[in-house]
Amino acid sequence: MLLAIILLALAIEKRHPLEQQPAGASRFNLAYMVIYAASGGLIDLDASGSMLAPAFIVYAFCMDFLEYAFHRVQHHVPALWAMHSFHHSDAAMNASTTTRHYWAEAGIKALSIYLLAGILFKTNLVILGMYGILGLYHVFPHMNVRVGFGRYWMLFNSPQYHRVHHSVQAEHFNRNFAGLFPVFDRLFGTHHIPRAEEYPPTGLDTGKAPGTLLDALTWPVRSKARPVP
Ligand SMILES: [Zn+2]
Ligand SMILES: [Zn+2]
């Protein structure tokens, strides 16, 4: 909102300037604004009173979209796939696979999508706490259970829907990236709607998997994993 007002004011100044200023005089300030905003947030999500629920829904959708985008990059960039393939190397996917992510990925996310979220949104601790609780949902789609949402697949991620993402079968590669909301897969055409009894085997098509904890810690260099085409 503030940014929109400043841009409008700059447009007015340009038509009726008090003093002549060099072209691009405000460019430095606008560039610095991005850094300044990182300490405050460009979009003020009002979460007081009755606005709490809508603010939370907006925040959760925006964050899940950032997660979706990051996940697609993880499958596309070889250096990131070398790490993310650790998550995919589990041939026996179950609830404990939820936290099976390569250790360096947390830092990369903190410096990319979470930094961006910090720049974009000014939120309060209630929203962040609620989003943290919603994040516990990720355990469910990794569960080794025969549960899918059938024709309502687009509402929420499910064990069947996410199992397709972990599938060893080529027809399922680079499908069903969504974390919470499969609607993003639908929007960007990366969805595979599971058939009624479709529960494919999981793991990497190379058959590679870490044998020891040391293998896990050094996975990107040991796996020699390649992105799936
Ligand atoms: Zn993945
Ligand atoms: Zn997963």
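Keep in mind that the numbers below use all heavy atoms, side chains included, and drop hydrogens, waters and symmetry copies.
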Checklist entry - Can you list the residues that meet the ring pair (Phe, Tyr, Trp, His ring centres under 6.0 Å) rule with H71, with sequence neighbours excluded? => result H75, H84, H165, F177

Checklist entry - Taking only residues two or more places apart in sequence, or in another chain, which ones meet Y131 in a ring pair (Phe, Tyr, Trp, His ring centres under 6.0 Å)? => result Y59

Sequence neighbours left out, what pairs pass salt bridge (Lys or Arg N to Asp or Glu O under 4.0 Å) with at least one residue falling in [range]?
range	answer
residues 183-195	R195-E198
residues 14-26	none
residues 96-116	E67-K109, D90-R100

Restricting to salt bridge (Lys or Arg N to Asp or Glu O under 4.0 Å), what partner residues turn up for [X], sequence neighbours left out?
X	result
R27	none
E171	none
D215	R222

Checklist entry - Got a sec, which residues hit side-chain contact (heavy atoms from CB on, under 4.5 Å) with A95, two or more places apart in sequence or on another chain? => result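 Only V139, M143 meet the side-chain contact (heavy atoms from CB on, under 4.5 Å) criterion with A95.
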
Next on the checklist: So, using side-chain contact (heavy atoms from CB on, under 4.5 Å) as the criterion, who are the partners of Y137 when residues are at least two apart?
Outcome noted: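 If we apply the side-chain contact (heavy atoms from CB on, under 4.5 Å) test to Y137, skipping adjacent residues, the hits are F140, P141, F149, F156, N157, L180.
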
Item to check | Linked hydrophobic residues, I12 as query - side chain contacts closer than 4.5 Å | outcome: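 I12 clusters with L8.
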
Checklist entry - Can you name the side-chain hydrogen bond (donor to acceptor under 3.5 Å, both in side chains) partners of S96, sequence neighbours left out? => result N94

